[in-house]
Amino acid sequence: MLIVAYENAQILDVASPSASLETANNHGAGPRYTIELATVSGTHVRSSSGIGLTGARRLASVTGRIDTMLIVGGPGTEAAMADAALLTQVRRLAPRCRRIASVCTGAFVLAAAGLLDGRRATTHWGYGELMASAFPDVTVDLAPLYLRDGNVYTSAGVTSALDLTLALIEDDHGPTLARAVARELVAYLHRPADQAQISTFLAPPPGDRVVRDLLGYINAHLDEDLSPSALAARAGISSRHLTRLFTSQLGVTPARAVREARTEAAAHLVRGSELSLAAVARRCGFQSAETLRQAFLSHYGLTGDRIRRIADMPGPVHHEPLQTSRRKGRTGGD
């Protein structure tokens, strides 16, 4: 993998893919991955955290075939987009690559180089509108963590670099190695491409303490009575006030919030375990496997069996955006 960096790049965009590939090598990846850092000057650059990235080679010196070229993101993206030398080298190297990828706002560099014209692409949810207005020839889809259009992969915010790299490892070497890497890195779960960028587990905490505490309770007690009346009693408020708080803070009713939490937790279990749908339903508070199937269809547009098959497929899945719910005040996600 050739990782292309620049001044003020996000260090995690470099570290996460390189550490994942190193771990894959340690677990017997064959052929082994080689990892190189490249910059326009061939000298070190300073990351946005102030830590220097050294050992880089000069982009102009890169010749021959390249397996994967990955463009990182970070606060330096705006300057990188205006760097004619960088864009010239990215364009020159693109035809030599088996695949091209970006992390977070690295997609802006690909777009500025013209490599996303006529393609679907994603980036961090906070920059989607800017990308869509700056590059009208790019179809911006903010729903997935990462997506593939042809041989070009784009991914969302910083930590999605891990999900993308695990998908690339799985594409190259199969799911067993990818899961071994995920376990070694103590990743909770290899999230598939269709996981919404903002979900129950990733959303910013609400400002109201009552709602925040109840959300924590809901996620820890999914198989218990989480009816609005039970939650209101736990918080010491009326059911009507509970509904007002959830609606104003989350844009959904308490019942809808519980259903979303249960559905997302069930999806994680389906993807990461061999439990039957009936067992998953019981653990997550659904009355039956059929009720869970209906929740999956409503929330993801997929059945539980389809979700499990996607998790078992040997590569990143690309399909139409999922029919996920959209909460008040959020862009491009659940």
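Numbering starts at 1 and runs along the sequence shown.
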Any pair counted as ring-ring contact (aromatic ring centres under 6.0 Å, His included), so long as it reaches residues 154-184, sequence neighbours left out:
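Every pair satisfying ring-ring contact (aromatic ring centres under 6.0 Å, His included) with a residue in residues 154-184: Tyr33-His173.
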Checking Leu59 against Leu93 for the side-chain contact (heavy atoms from CB on, under 4.5 Å) test, could you report, in this order, the C-alpha distance in whole Å, the side-chain angles of both residues, the deciding distance, and whether it holds?
CA-CA 9 Å; Leu59 271 171; Leu93 294 174; 3.7 Å; yes
Side-chain donor or acceptor of [X] paired with backbone N/O of [Y] under 3.5 Å:
X: Ser238; Y: His241; result: yes
X: Arg96; Y: Arg65; result: no
X: Thr122; Y: Asp141; result: yes
X: Thr247; Y: Thr243; result: yes
X: Ser276; Y: Ala279; result: yes
X: Ser61; Y: Arg58; result: yes

Apply the test side-chain contact (heavy atoms from CB on, under 4.5 Å) to residues Val4 and Leu70: give CA-CA distance (whole Å), side-chain angles for both, the deciding distance (0.1 Å), then the verdict.
CA-CA 6 Å; Val4 179; Leu70 183 141; over 6 Å; no
Surrounding [atom1] of [X] (heavy atoms of other residues, nucleotides or ligands, distance under 6.0 Å), is the total greater than 12?
X: Arg234; atom1: CZ; value: no
X: Arg98; atom1: CZ; value: yes
X: Arg283; atom1: CZ; value: no
X: Glu78; atom1: CD; value: no

Assess whether a salt bridge exists between Asp171 and Arg99, defined as any Lys/Arg side-chain N lying under 4.0 Å from an Asp/Glu carboxylate O.
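Answer for the salt bridge query: yes.
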Can a salt bridge be assigned to the pair Arg120 and Asp149 using a cut-off of 4.0 Å between side-chain N and carboxylate O?
no
Minimum heavy-atom distance [X]-[Y], with the two atoms named:
X: Cys284; Y: Arg262; value: O-CG, 2.8 Å
X: Leu12; Y: Pro17; value: O-CD, 3.8 Å
X: Ser155; Y: Val103; value: OG-CA, 3.2 Å
X: Asp13; Y: Gly73; value: OD2-N, 2.9 Å
X: Ala295; Y: Thr263; value: CB-OG1, 3.6 Å
X: Thr123; Y: Leu142; value: O-CD2, 3.8 Å

Consider only side-chain N and O atoms of Thr165 and Ser20, and report whether a donor and an acceptor are under 3.5 Å apart.
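The answer is no; no qualifying pair exists.
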Could you tell me if Tyr6 and Thr77 have a donor-acceptor pair between their side chains, going purely by distance under 3.5 Å?
yes
Mind checking the [atom1]-[atom2] spacing from [X] to [Y]? Nearest 0.5 Å is all I need.
X: Ser160; Y: Leu145; atom1: OG; atom2: CG; value: 6.0 Å
X: Leu116; Y: Leu110; atom1: CG; atom2: CG; value: 5.0 Å
X: Gln294; Y: Phe286; atom1: CD; atom2: CZ; value: 11.0 Å
X: Leu53; Y: Thr39; atom1: CG; atom2: OG1; value: 9.5 Å

Quick one: do Val210 and Phe246 satisfy side-chain contact (heavy atoms from CB on, under 4.5 Å)? Show the steps, please.
CA-CA 9 Å; Val210 172; Phe246 269 67; over 6 Å; no
Considering only residues two or more places apart or on different chains, which pairs with a residue in residues 41-57 satisfy salt bridge (Lys or Arg N to Asp or Glu O under 4.0 Å)?
Glu36-Arg57
Within a strict 4.5 Å, meaning less than it, do heavy atoms of the Asn26 and Val181 side chains meet?
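When only atoms from C-beta onward are counted, Val181 and Asn26 do not touch, as no gap falls below 4.5 Å.
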Any heavy-atom pair between the side chains of Ile169 and Leu21 that's under 4.5 Å?
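With C-beta onward as the side chain, the pair touches.
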Which residues satisfy the ring pair (Phe, Tyr, Trp, His ring centres under 6.0 Å) test with Tyr127, sequence neighbours excluded?
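By the ring pair (Phe, Tyr, Trp, His ring centres under 6.0 Å) rule, Tyr127 matches His124.
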Please assess Thr68 against Leu2 for the test side-chain contact (heavy atoms from CB on, under 4.5 Å), listing each intermediate value before the final yes or no.
CA-CA 6 Å; Thr68 306; Leu2 182 72; over 6 Å; no
Evaluation steps, salt bridge (charged side-chain N to carboxylate O under 4.0 Å, His left out), between Asp208 and Arg212:
CA-CA 6 Å; Asp208 185 87; Arg212 187 166 61 248; over 6 Å; no
